[in-house]
Amino acid sequence: MLKIPTDTIVPVLKHALGEYKYLSPNVCKIKNGYKMFYCNRKGKSSLFALMYRYITGKQILYGEINRATSTNLKKWKKESQPIISPKNYKNYISFLSPFFYKSKKNKYFLFIEAQKAEGSDILCFVSNNTKDWFLYPKFKLSNNKELFQTPFVLEVNNKIYFYYGHNRRKIICLILNDNLEIIKSKMCLKENFSNEIYSVYSPSIIKIKNHYFMLYAAWTNTSVGNVNIAISKDGFKWKKIQKNLFKITEPIKIVSEPFIVDKRNKIFIYFEYKEKDIWNISYKCIYKKDLYKTRI
């Protein structure tokens, strides 16, 4: 059984003054290196959070999408400005769980989870240069107070497979056409392991030889979170093969929202983690062959 220890976890980003929570790493390859999109929760005392609390009487967790760059996947430099903020979008109070996707037509899309006072949607933004982002009106997952979470895109046999977490209870896959219109929908996983009682969400997938491997977040309760593994031959039908990939030891409390980066014979597994009351992003590097062995 594959086990990844947390005793040597170190953050790849340094919090600025007043910041306490970096979440939801999404790493993509660029010409001269890599970019990481992530959620910056900012401070609980941020101006936006204080204004919202004053107007509504409710405490919120504000979040915006930030970005960092790297040449080697190990050392990261934060960009100074947020990429997308919920401040200019009515009904939304927090953006998190970004996923960057470059289409066959060389358009850039950024899918995000957009949290409301109750429930969350998945929105899509489009750009021609990865700097200026505009809401893409042809794609949106939303239904009243339901939770649509943690988007992930994978191309399978020249088709767009769009995965997401739904209501903390299951992971669903949509097949989309090139205009991001839904062709087909199928439930991939639902909570039934003992460590999934509170939630399953945040899929990240890699193909090794003739199998797809999915790492996904699994929470027992609001204080206990880890990562499970599932396997598939077609990206549609999945079988769970391992729970609790990480061997979590103090002072780490939670590991969640994994994201896999493929680099030759190795994979970098990025993730968010909680240490005491602080959240940050780190990674572990393993050999593909070790993940492939878990299929047995």
Side-chain angles (χ1 to χ4, degrees), residues 21 23-26 39 41 56 58-63 65 86 89-99 101 110-124 139-154 160-176 180-205 212 214-230 232 235-240 243-245 254-259 271-272 274 279:
K21 188 177 283 190
L23 305 170
S24 316
N26 168 238
C39 169
R41 280 292 196 192
T56 67
K58 299 179 180 179
Q59 179 70 48
I60 66 155
L61 292 175
Y62 170 82
I65 305 303
Y89 298 91
K90 187 178 179 181
N91 299 325
Y92 298 111
I93 57 179
S94 185
F95 286 170
L96 72 161
S97 300
F99 187 93
Y101 171 65
L110 193 64
F111 298 95
I112 63 163
E113 178 182 338
Q115 294 180 330
K116 302 174 287 189
E118 294 184 80
S120 61
D121 301 339
I122 292 179
L123 304 180
C124 181
F139 184 91
K140 180 181 180 181
L141 297 181
S142 177
N143 187 23
N144 298 323
K145 300 176 182 179
E146 293 190 57
L147 295 172
F148 294 85
Q149 300 175 286
T150 56
F152 181 89
V153 177
L154 180 71
I160 301 172
Y161 280 37
F162 184 94
Y163 300 84
Y164 66 95
H166 187 223
N167 289 335
R168 299 195 185 100
R169 292 291 175 262
K170 52 193 172 183
I171 293 174
I172 293 174
C173 177
L174 307 176
I175 295 183
L176 309 178
L180 304 185
E181 297 168 329
I182 298 173
I183 300 172
K184 188 176 182 180
S185 174
K186 181 176 177 60
M187 186 184 72
C188 296
L189 296 176
K190 62 180 179 180
E191 55 89 13
N192 55 20
F193 273 3
S194 59
N195 71 334
E196 300 172 348
I197 297 171
Y198 181 73
S199 67
V200 292
Y201 70 113
S202 191
S204 184
I205 301 168
Y212 293 95
M214 177 195 293
L215 305 187
Y216 64 96
W219 289 50
T220 305
N221 53 50
T222 56
S223 301
V224 179
N226 209 311
V227 172
N228 289 354
I229 306 175
S232 173
F236 234 25
K237 297 178 181 178
W238 291 87
K239 178 184 178 182
K240 298 177 184 180
K243 62 181 180 180
N244 295 331
L245 170 62
I254 296 170
V255 173
S256 191
E257 297 215 24
F259 186 81
F271 51 87
E272 63 184 35
K274 183 180 182 181
W279 288 80

Is the shortest heavy-atom distance from the side chain of [X] to the side chain of [Y] under 4.5 Å?
{"X": "Asn228", "Y": "Lys240", "answer": "no"}
{"X": "Lys140", "Y": "Cys124", "answer": "no"}
{"X": "Arg168", "Y": "Gln149", "answer": "yes"}
{"X": "Ser223", "Y": "Lys274", "answer": "no"}
{"X": "Thr150", "Y": "Glu113", "answer": "yes"}
{"X": "Cys39", "Y": "Glu257", "answer": "no"}
{"X": "Trp238", "Y": "Ile205", "answer": "yes"}
{"X": "Met214", "Y": "Ser232", "answer": "no"}

Output yes when a side-chain donor or acceptor of [X] lies under 3.5 Å from a complementary backbone atom of [Y], and no otherwise.
{"X": "Ser94", "Y": "Leu61", "result": "yes"}
{"X": "Asp121", "Y": "Leu123", "result": "no"}
{"X": "Glu191", "Y": "Ile197", "result": "no"}

Look up atom [atom1] in [X] and atom [atom2] in [Y], then write down how far apart they are to the nearest 0.5 Å.
{"X": "Phe259", "Y": "Ser24", "atom1": "CZ", "atom2": "OG", "value": "11.5 Å"}
{"X": "Ile112", "Y": "Ser97", "atom1": "CD1", "atom2": "OG", "value": "9.5 Å"}
{"X": "Leu96", "Y": "Ile65", "atom1": "CG", "atom2": "CD1", "value": "6.5 Å"}
{"X": "Leu176", "Y": "Ile160", "atom1": "CG", "atom2": "CD1", "value": "5.5 Å"}
{"X": "Leu154", "Y": "Tyr101", "atom1": "CG", "atom2": "OH", "value": "10.0 Å"}
{"X": "Ser185", "Y": "Phe162", "atom1": "OG", "atom2": "CZ", "value": "11.0 Å"}

Discussion item. Ring-plane angle category for His166 and Phe148, please: parallel below 30°, perpendicular beyond 60°, tilted otherwise.
Written reply: tilted
Fill in: Parallel, tilted or perpendicular, as decided by the 30° and 60° cut-offs, for the rings of Tyr201 and Trp219
tilted
Discussion item. With ring-ring contact (aromatic ring centres under 6.0 Å, His included) as the criterion, how do Tyr164 and Phe111 come out once you've worked through the C-alpha distance, each side chain's angles and the decisive distance to 0.1 Å?
Written reply: CA-CA 11 Å; Tyr164 66 95; Phe111 298 95; over 10 Å; no
Discussion item. What verdict does the side-chain contact (heavy atoms from CB on, under 4.5 Å) test give for Lys186 and Lys237, after you've listed the backbone C-alpha separation in whole Å, the side-chain angles of each residue and the deciding distance to 0.1 Å?
Written reply: CA-CA 9 Å; Lys186 181 176 177 60; Lys237 297 178 181 178; 4.0 Å; yes
Practice prompt. Decide side-chain contact (heavy atoms from CB on, under 4.5 Å) for Tyr92 and Lys116; before the verdict, give the C-alpha distance in whole Å, the side-chain angles of both, and the deciding distance to 0.1 Å.
Written response: CA-CA 5 Å; Tyr92 298 111; Lys116 302 174 287 189; 3.6 Å; yes
Worksheet item: Looking at Tyr212, Phe236, Phe152, which one forms a ring-ring contact (aromatic ring centres under 6.0 Å, His included) with Tyr161?
Response: Phe236
How close do [X] and [Y] get, heavy atom to heavy atom, and via which atoms?
{"X": "Pro86", "Y": "Tyr62", "value": "CG-CE1, 3.5 Å"}
{"X": "Tyr216", "Y": "Pro203", "value": "CB-CA, 4.1 Å"}
{"X": "Cys188", "Y": "Tyr163", "value": "SG-CE2, 3.9 Å"}

Worksheet item: Which one of Thr220, Asn244, Asn221 satisfies the side chain to side chain donor-acceptor pair (under 3.5 Å) criterion with Asn195?
Response: Asn244
Worksheet item: What's the verdict on side-chain contact (heavy atoms from CB on, under 4.5 Å) for Phe193 and Val200, showing C-alpha distance, side-chain angles and the deciding distance?
Response: CA-CA 10 Å; Phe193 273 3; Val200 292; over 6 Å; no
